[in-house]
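Just so it is clear: chains get the letters A, B, ... in the order the sequence lines come, proteins before strands, and each one is counted from 1.
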2 protein chains.
Amino acid sequence: MSEKKSGHLTLLRSTPLLLNLPETALAMLDGILTERSFSRGETIFSEGSESVGSYIIIKGRVKVFKLSAEGKEQILHIVGTKELLGAVSAFAGTPYPAHAEAMEMTTAFFLPRKDFLVLIRKEPSVVMNMMASLSMRLQHFTRMIEDLSLKEVPGRLAAYLLYLHERGGGSDVVEIDISKGQLASLLGTIPETLSRILRKMSDRGLLKVSGRRIKLLNRKALQDIVNGDKLGL
Amino acid sequence: MSEKKSGHLTLLRSTPLLLNLPETALAMLDGILTERSFSRGETIFSEGSESVGSYIIIKGRVKVFKLSAEGKEQILHIVGTKELLGAVSAFAGTPYPAHAEAMEMTTAFFLPRKDFLVLIRKEPSVVMNMMASLSMRLQHFTRMIEDLSLKEVPGRLAAYLLYLHERGGGSDVVEIDISKGQLASLLGTIPETLSRILRKMSDRGLLKVSGRRIKLLNRKALQDIVNGDKLGL
DNA sequence: GGATGTCTTTGACCTATGTCAAAAAGAAAG
DNA sequence: CTTTCTTTTTGACATAGGTCAAAGACATCC
């Protein structure tokens, strides 16, 4: 991890957490933040350790995950640019509830917990923005719990592919921007199972896989699978 | 559902959401809130419907759950006295993400979304309290996702029993305050499986079941199961 | 362009847990 | 107390998906 003082007011202005803050508050922030860089695979914080502060991701992606006793990992979510990392713990003063690790070269602003508490006292509206972000994450988790407990793996995969399709503006070619092993973890399964299911779907003409690029050939059928139809899968 | 105007300032003062509010704000609230009662099994709101407001539970318990296409339910959490119901949706203006149903005779204060928005504008500190409550829920969900994806059913059950043990102040006799079927749903499984696992644990001398009352006879072994040891289960 | 390491796929196997059906035990009602 | 309804338990069975092991496919690095 490398570190240096920042001076990036423009970036600050465009982060959701800090939206609509008066310039004075931003200037104050600018003096507090430090820029930190993490290389691929580097740990940003570990589950159970005391919260020392939160991060605003500037560049790169961070995976937040839990580890089982046997070392299997379940990815909770992937935090990307302009998103917050570790804010809940910093706010509540509780230990980090999961591990965070840079998936690629990642740059982030570090906001020490102490200064953070001063900030929200001076600018309660910051909390408003945080609430919005928290709400979204809460809804994400709600859906995730539903997925993990109610759907089988093909259903979760189909849901994920259709989600990528949506997010990609409706293109039938979607690109999974994480490794298949990581995708397996995100879906609550293992690489072998994911591989087999992709094979079956491919055999049945639902899609075509070329590396991380997947072409959806039958969205309707995929939607049926999400809804619990098996289609011989 | 029955409804009447409220005048319960004392109750308001002791709800976490409203902690530390000036009396003027409380008085204003008192004029806004209505008291609503729901009988056992009554729906309070349904997934996907527009958020009209949030509730502060005064008495009783509400189960918040998702339904699969086949009608299987996954309980997300159980909201009890002085807790908030539907606050995220009211805040974010998004539809309710799950169903809410009274598990028993339940009384709650209803806070219309419109008034709620006015309130947080006038009293940003309310949001501070909400954040704390949301954070807790987020951590609960984090754990739940971990449980559902990393642990097998015996592990989830053992974790739940030990949780009840903690919450019950360390007594070795714990009382599950929901039906076994509901508990199964909360653990992401079905009554049959739960019944079989309780049987096995009982056979192995880990606990003793009498109706909804369970006596923990070997906490250490239960903890081992949470950590992934099978112990022939 | 080998050589080394990581990611992905495949096969054989096994087990946890879901499904279906029915009996048993409790709870509620008359 | 008997009837009726709900909840819980048991049994037999099917299967999704995990484990282990090995082979391919890719990427990276001298």
Side-chain angles (χ1 to χ4, degrees), chain A residues 39-41 63 68-75 103-105 147-158 175-203 207-214 225 228-233, chain B residues 39-41 68-75 103-104 147-158 176-203 207-214 225-226 228-233:
Chain A
S39 41
R40 178 183 151 79
K63 77 173 172 198
S68 73
E70 308 92 52
K72 205 176 85 179
E73 76 178 41
Q74 163 71 41
I75 298 180
M103 296 175 70
E104 56 201 44
M105 189 41 180
D147 284 353
L148 284 174
S149 64
L150 299 180
K151 282 185 211 126
E152 310 179 319
V153 182
R156 289 178 233 156
L157 172 60
E175 175 108 22
I176 56 170
D177 50 0
I178 50 180
S179 84
K180 284 180 183 157
Q182 305 264 287
L183 175 58
S185 162
L186 194 60
L187 297 175
T189 184
I190 55 172
E192 292 96 318
T193 299
L194 176 63
S195 177
R196 283 183 242 269
I197 293 173
L198 276 174
R199 188 100 220 302
K200 274 195 189 163
M201 287 182 169
S202 183
D203 286 352
L207 44 77
K208 189 161 179 315
V209 184
S210 347
R212 288 188 180 182
R213 202 170 286 267
I214 296 176
I225 292 175
D229 287 354
K230 303 257 158 103
L231 297 179
L233 274 172
Chain B
S39 41
R40 178 184 152 80
S68 74
E70 308 92 53
K72 206 177 84 182
E73 76 178 41
Q74 163 72 42
I75 297 180
M103 297 176 68
E104 56 201 45
D147 285 353
L148 285 174
S149 65
L150 299 180
K151 282 184 210 126
E152 309 178 319
V153 183
R156 290 179 234 155
L157 173 60
I176 57 170
D177 49 1
I178 49 182
S179 84
K180 283 179 184 160
Q182 305 265 287
L183 175 57
S185 162
L186 194 60
L187 298 175
T189 185
I190 55 172
E192 292 96 317
T193 299
L194 176 63
S195 175
R196 282 183 243 269
I197 293 173
L198 277 174
R199 188 101 221 300
K200 274 194 188 163
M201 288 183 169
S202 182
D203 287 351
L207 44 77
K208 189 160 181 314
V209 184
S210 349
R212 290 189 178 180
R213 201 171 286 266
I214 295 177
I225 291 175
V226 172
D229 287 352
K230 303 259 160 102
L231 297 180
L233 276 173

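- Atom CG of B:L148 and atom P of C:dT17 are 12 Å apart (whole Å).
- If you take CG of B:L194 and P of D:dT7, they are 15 Å apart, rounded to a whole angstrom.
- The listed nucleotides are D:dT9, C:dC7, C:dT9; the one nearest the side chain of A:P191 is C:dT9.
- The separation between A:R40 atom CZ and C:dT6 atom C1' is 10 Å, rounded to whole Å.
- For the pair A:L183 CG and C:dT8 C1', the computed distance is 13 Å after rounding to whole Å.
- Environment of CZ in A:R212: crowded, with over 12 heavy atoms of neighbouring residues, nucleotides or ligands closer than 6.0 Å.
- Across B:R156 and B:D147, no two heavy atoms sit closer than the pair NE-O, 3.5 Å.
- The number of heavy-atom neighbours closer than 6.0 Å to CZ of B:R40, taken from other residues, nucleotides and ligands shown, is 12 or below.
- B:K200 has its NZ atom 14 Å from the C1' atom of D:dG11, to the nearest Å.
- If you check D:dG18, C:dC20, C:dC7 against the side chain of B:E192, the one that comes closest is C:dC20.
- With rounding to whole Å, A:I197 atom CD1 is found 15 Å from C:dT8 atom C1'.
- Between the NZ atom of B:K180 and the C1' atom of D:dT9 there is a distance of 9 Å, rounded to whole Å.
- The side chain of A:E152 lies closest to D:dA16, out of C:dT10, D:dA16, D:dT9.
- The side chain of A:S195 lies closest to C:dT9, out of D:dT19, C:dT9, C:dC7.
- Contact check, A:S179 against C:dT6: no side-chain N or O comes under 4.0 Å of OP1 or OP2.
- Between A:S202 and the choices A:L207, A:I214, A:I197, the side-chain contact (heavy atoms from CB on, under 4.5 Å) rule is met once, by A:L207.
- Of all nucleotides listed (C:dT9, D:dG18, C:dG18), D:dG18 comes nearest to the side chain of A:T193.
- At the heavy-atom level, A:R196 lies under 4.0 Å from base atoms of the strands shown.
- Straight-line distance from the CD1 atom of A:I190 to the P atom of C:dC14: 16 Å, rounded to whole Å.
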